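The structure appears below as structure tokens.
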Protein chains: 2
Amino acid sequence: MAKMEDVAKVAGVSKSTVSNVFSEKRPISKEVKERVLRIANELNYKPNYWARSLAVKETRIIGLNMQAEKVKFSQFHLSLLNGVLNECYKQGYRLLVNTLSDNYKNKVEFQTSDPVDGEILLDPEIEDPRIVGRMKQNIPLVVIGKPPQTYEDKLSYVDNNNVSAAEGIGKHLISLGHKDILFLNAPSFRTVSMDRELGFKISLKEAGIELDSDQVVYKDKKSSSVEFGYEKAKEILIQNNKITAIITDNDKMALGVYRAAEEEGYSIPNDLAVISFSDDSVYATEFSPPLSCVHLNGEQLGSESAKLLIDQLHTNKPLVKRIIVPTHFEKRGSCSNS
Amino acid sequence: MAKMEDVAKVAGVSKSTVSNVFSEKRPISKEVKERVLRIANELNYKPNYWARSLAVKETRIIGLNMQAEKVKFSQFHLSLLNGVLNECYKQGYRLLVNTLSDNYKNKVEFQTSDPVDGEILLDPEIEDPRIVGRMKQNIPLVVIGKPPQTYEDKLSYVDNNNVSAAEGIGKHLISLGHKDILFLNAPSFRTVSMDRELGFKISLKEAGIELDSDQVVYKDKKSSSVEFGYEKAKEILIQNNKITAIITDNDKMALGVYRAAEEEGYSIPNDLAVISFSDDSVYATEFSPPLSCVHLNGEQLGSESAKLLIDQLHTNKPLVKRIIVPTHFEKRGSCSNS
DNA sequence: CTGTTAGCGCCTTCAT
DNA sequence: ATGAAGGCGCTAACAG
């Protein structure tokens, strides 16, 4: 691979001239420029990314960090990713997806810092060593979702209005006459589950409805969303429990609930109402009956977070901003016939 | 940010000792090692990725290249991505998603080479400047899908058996008595559309069935898959065309077909059979009736391609391999009642 | 407008 | 088992 010096020699100019032809940082006479470019092309030369990064101390790469164990993008992550990519695309940034396994990760993370200018962090948890680490290293950071309480006013994040969204669907179900609602929540270690649970409980409290402790269940790591939804729904339907409505953490979970309901001969929405925090698939409308959802605008969460991070990189001030992306409730056939 | 020299000074050792503590490339006495690590930790030191890459001429990053205009991952891309990530994860590689917009891209690609050891290239097209460019630059490359004919025996790729898969569902439909089949194919500039069309035509030819030229339609860039499926299906159903079966390029297209059929009062599969090249969503089973699919094993395509690329990087020989990931047909209610 | 010099932070010989 | 010196390919500061 040819380097800058080779081009310079053949073109009969200095390295810095070649450098500036490519960076356009200072004016170069037309003839020289053309000659250099022609020769660069002949030599198949392109400036080396890493050498350049080393010199300018900037990579124009941002990292997208998922939890390592999960290494599996969901439909919702896909929306986030599309939003992030789209913004990167606009601003000429590249995106590094960071998913090193735990055993390898310890070794690699230990060996080197990440080759990024800043990071977007997904699925924050209540105890999140990733955040602690980044803060310590002073890596520009934007979290998608609510950060752990300790860090809430120390870093930038982009989040939905999860409390009021959950409160909203709680109230909606109550207004339809439901009193015994099961909430199949996100895993308990995720920050998002706290906010949604809070909103849900507020709605019940305002209506003066008591809540049994087993009416909020957290997804565990073992089963898939479909399985979890299926099993929990099956359980309560078989017990002939008083539950008349189920809120699920995502569409796949709702799918599991649908299957259980069908098997047990429960009809949706007559015998059982279902509302989901949507994971943005286009298929919610294809459920029979179509699934009522809280739409989270994943793509917007993604693009806003990228925008925020890149802004932060440019201003270079450690600003602490929070952006709330509104959800909207999409009422369909799964919670009421009317 | 502390650098190696800082650590060396405080620890009272040389730079190379510090270097070797981190790289473990030569034995270091236990006491020195511990002291260096302690001080590195105190100083919050981590080796700089770019400086390291520059010196060793390796980044341990592989690129995932999508066409820039599209900058939108589909469900199928998501499966590929998960497969690729999983393999990267296992082998300690990072993944760079490359999607620079055309205007920006020209500038940036022109400015620097890509910061990757090799690339996986998605959605190859019949005329694909990306491939030409990579070959010229001698960048290790693996294509997912069939490369343009000129390059088929010059580079490694991972692909489905699209010809025989298409032939298989063609034959299946014919065996069910269908003679007039509409094929809503991928865009005409994609290599995949050629293979599938070929297979489809083989099945017809063997059965001695004539094909009208308008029975293979290529998706255009303007409309989404759902729209395209909807519009084309609507057209032929309104025309009261003789078509009795439709093959779609993906599940969303099939969704559009379902909608058109419902609106026009056609019943699936009685009045119209539908089979899709699946994009791997879990929702195909939720269609009413459940959608028959050719399953493409996207995740395997992804992991095989990453494996192949990384192998190639390690051996350093420009091997040319092809891996065919088998598809399998999943028969459900959308093509026959039995 | 163009050339020269000195790093960027690491790794890699070659010494000892 | 450890040090010292040179170089990876580029940019930046200073010169002219």
Side-chain angles (χ1 to χ4, degrees), chain A residues 1-37 39-40 43-61 108-117 137, chain B residues 1-37 39-40 43-61 108-117 137-139:
Chain A
M1 188 77 190
K3 50 187 164 185
M4 197 169 262
E5 204 174 347
D6 303 332
V7 177
K9 262 183 199 153
V10 179
V13 295
S14 72
K15 278 202 302 178
S16 61
T17 298
V18 177
S19 172
N20 284 290
V21 166
F22 280 90
S23 69
E24 297 178 327
K25 289 212 174 168
R26 69 187 190 192
I28 302 283
S29 69
K30 205 182 165 197
E31 45 179 0
V32 172
K33 181 170 184 175
E34 279 171 359
R35 180 153 40 100
V36 168
L37 285 179
I39 289 167
L43 266 49
N44 228 324
Y45 168 77
K46 286 194 183 183
N48 178 298
Y49 201 101
W50 299 107
R52 180 173 194 286
S53 293
L54 182 58
V56 301
K57 293 163 172 290
E58 184 202 58
T59 64
R60 291 192 82 82
I61 295 177
V108 176
E109 283 215 343
F110 163 78
Q111 277 182 187
T112 71
S113 61
D114 257 0
V116 296
D117 294 340
Q137 298 277 330
Chain B
M1 189 77 191
K3 52 186 162 186
M4 198 168 261
E5 202 175 349
D6 303 332
V7 178
K9 261 183 200 152
V10 178
V13 296
S14 73
K15 281 200 299 175
S16 57
T17 300
V18 178
S19 172
N20 284 290
V21 167
F22 281 89
S23 69
E24 298 178 327
K25 290 211 173 169
R26 68 186 191 193
I28 302 284
S29 69
K30 203 182 169 200
E31 46 179 359
V32 172
K33 182 171 183 173
E34 277 170 1
R35 181 153 37 99
V36 168
L37 284 179
I39 288 168
L43 265 47
N44 227 322
Y45 167 78
K46 289 195 180 179
N48 178 299
Y49 202 100
W50 324 308
R52 180 171 195 287
S53 295
L54 183 58
V56 301
K57 292 164 174 289
E58 184 202 56
T59 65
R60 290 192 83 79
I61 295 178
V108 177
E109 284 216 341
F110 163 78
Q111 277 181 184
T112 72
S113 60
D114 258 1
V116 298
D117 293 341
Q137 299 277 328
N138 244 331
I139 297 171

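Please read these numbers as outputs of a predicted model, since none were measured by experiment. Sequence lines set the chain letters: A, B, ... in the order given, protein chains first and strands last, and positions in each chain run from 1.
Contact annotation: A/Lys57 side-chain N/O to C/dG9 OP1/OP2 distance is under 4.0 Å. Distances shown here put a side-chain N or O of A/Thr17 below 4.0 Å from the OP1 or OP2 atom of C/dG3. The phosphate of D/dA12 has OP1 or OP2 within less than 4.0 Å of a side-chain N or O from A/Lys25. Within the structure, every side-chain polar atom (N or O) of B/Tyr49 is placed at least 4.0 Å from both OP1 and OP2 of C/dC11.
Rounded to whole Å, the distance from NZ on B/Lys46 to P on C/dC11 is 15 Å. Look at NZ on B/Lys9: it is 16 Å from C1' on C/dC10, rounded to the nearest Å. When rounded to the nearest whole Å, the span between CZ of B/Arg52 and C1' of C/dC8 equals 17 Å. One can place CG of B/Asp6 at 11 Å from P of C/dC8, the figure rounded to the nearest angstrom. A/Asn48 has its CG atom 17 Å from the P atom of C/dC10, to the nearest Å. In this structure, CD of B/Glu5 is placed 10 Å from P of C/dC10, rounded to the nearest angstrom. One atom, CG of B/Asn20, and another, P of C/dC10, lie 13 Å apart when rounded to the nearest Å. When the C1' atom of C/dT2 is taken as reference, atom CZ of A/Arg35 falls 12 Å away, rounded to whole Å.
Not a single donor-acceptor pair under 3.5 Å links the side chain of B/Tyr49 to the backbone N or O of A/Val116. Between the side chain of A/Asp117 and the backbone N or O of A/Thr59, at least one donor-acceptor pair lies under 3.5 Å.
The A/Lys3 side chain lies nearest to D/dC8 when the options are C/dC10, D/dG3, D/dC8. Comparing D/dG6, C/dG9, D/dG9 by their closest approach to the side chain of B/Lys15 singles out D/dG6. Among the nucleotides C/dT12, D/dT2, C/dC8, the one closest to the side chain of A/Ala55 is C/dC8.
Looking at heavy-atom distances under 4.0 Å, A/Ser29 makes contact with sugar-phosphate atoms alone, never a base. Within 4.0 Å of B/Leu54, counting heavy atoms only, lies at least one base atom of the nucleic acid. As judged by a 4.0 angstrom heavy-atom cut-off over every strand, A/Met4 is placed among the base-contacting residues.
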side-chain contact (heavy atoms from CB on, under 4.5 Å) between B/Lys15 and B/Lys3, worked out: CA-CA 10 Å; B/Lys15 281 200 299 175; B/Lys3 52 186 162 186; over 6 Å; no
One pair to check against side chain to side chain donor-acceptor pair (under 3.5 Å): B/Ser16 and B/Ser19. What are the steps and the verdict? CA-CA 5 Å; B/Ser16 57; B/Ser19 172; over 6 Å; no
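Under the 30°/60° scheme for interplanar angles, the aromatic rings of B/Phe22 and B/Tyr45 are found to stand perpendicular.
Evaluation of atom-type donor-acceptor distances gives a pair under 3.5 Å for the side chain of A/Ser16 against the base of C/dT4.
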